[in-house]
**Student:** 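One structure, as structure tokens, below. Some questions next.
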Amino acid sequence: MGQFWIFVRKEMWHILRDKQTLFVLLGMPISQILIFGFALSNEVKNSKIAILDHSKDLTTQQLIKRIESSKYFEITDYLSHSSEIEESFKKGDIKLAIIFSPDFEKNLYHSHEASVQFIADGTDPNVGTTLVNYGSAIIRDYQDELLGEKKLPYQIKPEVRMIYNEQLNASYNFVPGVMAMVLLLVCSLMTSVAIVREKELGTMEVLLASPLNPFFVVISKSIPYLFISIFNILSILFLSYFILEVPIRGSVFLLIAESILFIITSLSLGLFVSSIAKTQTSAMFGTLIGLFMPTLMFSGFMFPIDNMPVPMQILSNIIPSKWFFIIVKSIMIKGLGYMSIWKETLILVLFTILMIFISVKKFNKRLDIE
Amino acid sequence: MNADIIIHVESLTKKFGDFVAVDNISFDVRKGEIFGFLGANGAGKTTAIRMLSGLLQPSGGKASVMGYDVYTQSEKIKAGIGYMSQRFSLYDDLTVIENMKFYGGIYGLSKNDLNHKIQEVIGILKIDEFKNQLVKSLPLGWKQKLAFSISILHNPALVFLDEPTGGVDPVTRREFWELIMNSAHQGTTIFVTTHYMDEAEYCNTVSIMVDGRIDAMNTPQELKKQFNSQDIHSIFVNLARQSTRKEFE
């Protein structure tokens, strides 16, 4: 055991000596959280829109005022003719055009039917749909007020509530995603590169010729990254709780315990990669393409898994980040306890054991040369 | 078996697929001698050394090192030997002292012994001024001498040196061999591979490997008599010419 800690101490020397890498490892989660929190956002705010009002009456004035005062829209163009609509889109500024038909108010009160047209920029379908929904909601509200006490004879009115995230705060989704990404990067990438570096430099040969248990060699490499990762989790949770105001509704201890489990999963993936890769470059590409890309695509963090074709959905099950993502969301956002996530936890545990088992099998005690 | 024999090898063979890297070699190494393993690149020297140091499982034959069987007791062999690989094996981004602390530590030296040894090595190599510098800032010759000193930090009875003087200038090679002989005087058995024929003169026993076989083995003096030659170099060139193995085939 003494030799084990001597090896860990040596790994610490390596890491502390390489200040730039250490800075990146510790700073990356902080910058990721801040970038995702403040710069990148799926929310649609202050979208530029154009208004074409053929009617110019009191009702349309009131509607336009409401649209203008909403935080989602910023009216930049007031058009006077339909031919200007396309021009306005082509300039690339506006995302939505709202067109009120002629005699809007008259039609509304006399024939009880007035029409308003939404033309949205479909190049980004999500933004287009969202803007149309926001616009429709404003019109609907206005209509409800007009009706006042007079109820329609038949009416089905959906009452919508976004539970767990009433404000539709995007941070609720990406904080768990960033956690999965950062842990995977630090643990898998750094561990596999550190192990393969010894193979590449030739020092592995001397280590294998020493009485040191070869398995210690690889395990002790992962210990410093375990500590760095725990620091990363704490900094991510701290920032998201205090700055992005993401709640931690469930048990903090459970959350940290599950994160440590995922760290060990990522470390085992790093071991697995290093048992195959022969050079640092191949270890790096292996982790980025084999582990990092699938995490982005199949964990449910960026793209909803339910929308994928069935084969892809099945494939997503072997991505450990997916299960960790579900676990973190359940604990942090939904406030669920152990009983609700034991299945996902069990999958991670089994996956980790499998990875370690395969890596140990592959990591030949004797030198695999030629 | 004779108690004086530290390595006993009988018909040792290693195959990689169809390729026979080491072909049925047999020899004994006596305690305290410098045993030189000569051969061209690709003759099978490194493969032989890896089998004897417990890194590689042989395909056939028998071998025992310090009385331990290479097939079943490689862990015991590893604990008792020193090993210096043909590739540079120190950590460039650690200091001289850190490298010594690390390698001494994994061989289980106690803190006191280790500090004592470190002082001793610093004294012998006269590297007091470099001791807290990163290894990468040392000249190659110093690095190789340091690597050798580290491989015998734990006082092994036997040390394997795989082409320890590759790429080193003649003066430093001379100094390096002084270190080796000094260590042999203190009773360490040295098993060394090289392709510098002048170094063969330092050895008590020389064996010449060609195509995985040992084609000649004796003391340098006897070899010269046997082949009726002035120096080991011409013996080697004559033997190596018979090689049918091309390096990159």
Side-chain angles (χ1 to χ4, degrees), chain A residues 1-23 25 190 193-221 223-224 278-280 360-370, chain B residues 14-17 19 21 42 44 46-47 49-58 70-71 74-95 97-99 101-111 114 134 136 147 150-151 153-154 156 159-160 162:
Chain A
M1 216 49 199
Q3 284 149 309
F4 179 70
W5 289 110
I6 285 166
F7 206 98
V8 173
R9 182 183 64 179
K10 183 211 111 193
E11 290 308 313
M12 295 301 252
W13 283 334
H14 283 308
I15 293 170
L16 292 175
R17 198 127 297 158
D18 191 356
K19 294 258 175 355
Q20 283 157 321
T21 309
L22 183 64
F23 184 74
L25 289 182
M190 296 311 290
V193 167
I195 295 173
V196 174
R197 181 168 53 211
E198 301 247 7
K199 281 196 205 172
E200 213 175 88
L201 290 179
T203 43
M204 187 62 95
E205 193 180 326
V206 180
L207 296 179
L208 291 177
S210 81
L212 203 60
N213 185 331
F215 194 56
F216 276 10
V217 176
V218 284
I219 291 296
S220 53
K221 288 242 163 219
I223 299 290
K278 285 210 156 61
T279 64
Q280 292 180 67
V360 171
K361 277 257 163 188
K362 284 200 75 102
F363 189 89
N364 208 331
K365 269 193 153 196
R366 302 191 182 241
L367 198 60
D368 50 344
I369 36 163
E370 271 94 32
Chain B
K14 178 71 192 179
K15 291 179 190 160
F16 297 106
F19 178 71
T46 300
T47 306
I49 237 176
R50 282 178 174 162
M51 284 192 283
L52 295 178
S53 51
L55 283 172
L56 207 58
Q57 188 93 32
V70 292
Y71 290 94
S74 61
E75 297 311 310
K76 288 196 164 125
I77 295 174
K78 287 177 184 178
I81 59 165
Y83 180 84
M84 180 176 168
S85 95
Q86 119 195 85
R87 292 158 82 189
F88 180 64
S89 55
L90 301 179
Y91 294 95
D92 259 348
D93 58 338
L94 301 186
T95 67
I97 295 255
E98 284 168 346
N99 268 289
K101 278 188 176 166
F102 171 65
Y103 278 114
I106 62 173
Y107 279 95
L109 259 66
S110 74
K111 215 170 189 174
L114 188 55
L134 299 188
K136 79 176 125 198
I150 285 176
S151 72
L153 214 52
H154 56 294
V159 60
F160 288 100
D162 194 4

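First the proteins, then the strands, lettered A, B, ... as listed; each starts at 1. Basis for what follows: all heavy atoms, side chains included, without hydrogens, waters or symmetry-related copies.
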**Student:** Using non-hydrogen atoms only, which part of K76(B) is less than 4.5 Å away from chain A: side chain, backbone, both, or neither?
**Tutor:**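 Interface part for K76(B): neither.
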**Student:** When you measure from the side chain of R50(B) to the backbone of A209(A), do you find a donor-acceptor pair of N or O atoms at a distance under 3.5 Å?
**Tutor:**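 Here the side-chain-to-backbone pair does not exist.
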**Student:** At their closest point, which heavy atom of S89(B) faces which heavy atom of V206(A), and how far apart are they?
**Tutor:**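 Between these two residues, the closest heavy atoms are CB-CG2, 3.2 Å.
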**Student:** About how many Å separate CG of L56(B) and CD of E205(A), when rounded to the nearest 0.5 Å?
**Tutor:**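 E205(A) atom CD to L56(B) atom CG measures 10.0 Å (nearest 0.5 Å).
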**Student:** Taking atom CG of D92(B) and atom CZ of R17(A), what is their separation to the nearest 0.5 Å?
**Tutor:**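 Spacing of CG (D92(B)) from CZ (R17(A)) equals 11.5 Å.
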**Student:** Quick one, L208(A) and Y83(B) - any side-chain contact, counting heavy atoms below 4.5 Å?
**Tutor:**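 Not in contact.
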**Student:** Within a 6.0 Å radius of atom NZ on K10(A), are there more than 12 heavy atoms belonging to other residues, nucleotides or ligands?
**Tutor:**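 Yes, because the 6.0 Å sphere around NZ of K10(A) holds more than 12 heavy atoms from other groups.
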**Student:** Side chain from CB out, backbone as N, CA, C, O: work out which of these in L134(B) comes under 4.5 Å of a heavy atom of chain A, or both, or neither.
**Tutor:**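 Side chain only.
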**Student:** How many angstroms lie between OH in Y91(B) and CH2 in W13(A), if you round to the nearest 0.5 Å?
**Tutor:**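 Rounded to the nearest 0.5 Å, the OH-CH2 separation comes out at 11.5 Å.
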**Student:** Using non-hydrogen atoms only, which part of S151(B) is less than 4.5 Å away from chain A: side chain, backbone, both, or neither?
**Tutor:**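 Nothing of S151(B), per the 4.5 Å heavy-atom cut-off to chain A.
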**Student:** Determine the minimum heavy-atom distance between I106(B) and S210(A), stating which atoms define it.
**Tutor:**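 Distance-wise, the nearest heavy atoms are CD1-OG, 3.8 Å.
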**Student:** For S85(B) and G202(A), work out which heavy atoms get closest and say how close.
**Tutor:**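 It is OG-O, 4.3 Å.
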**Student:** Please flag which part of Y103(B) lies under 4.5 Å from any non-hydrogen atom of chain A: side chain, backbone, both or neither.
**Tutor:**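 Contact with chain A is through the side chain of Y103(B) alone.
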**Student:** Walk me through it: do L201(A) and R87(B) pass the test side-chain contact (heavy atoms from CB on, under 4.5 Å)?
**Tutor:** CA-CA 8 Å; L201(A) 290 179; R87(B) 292 158 82 189; 5.8 Å; no
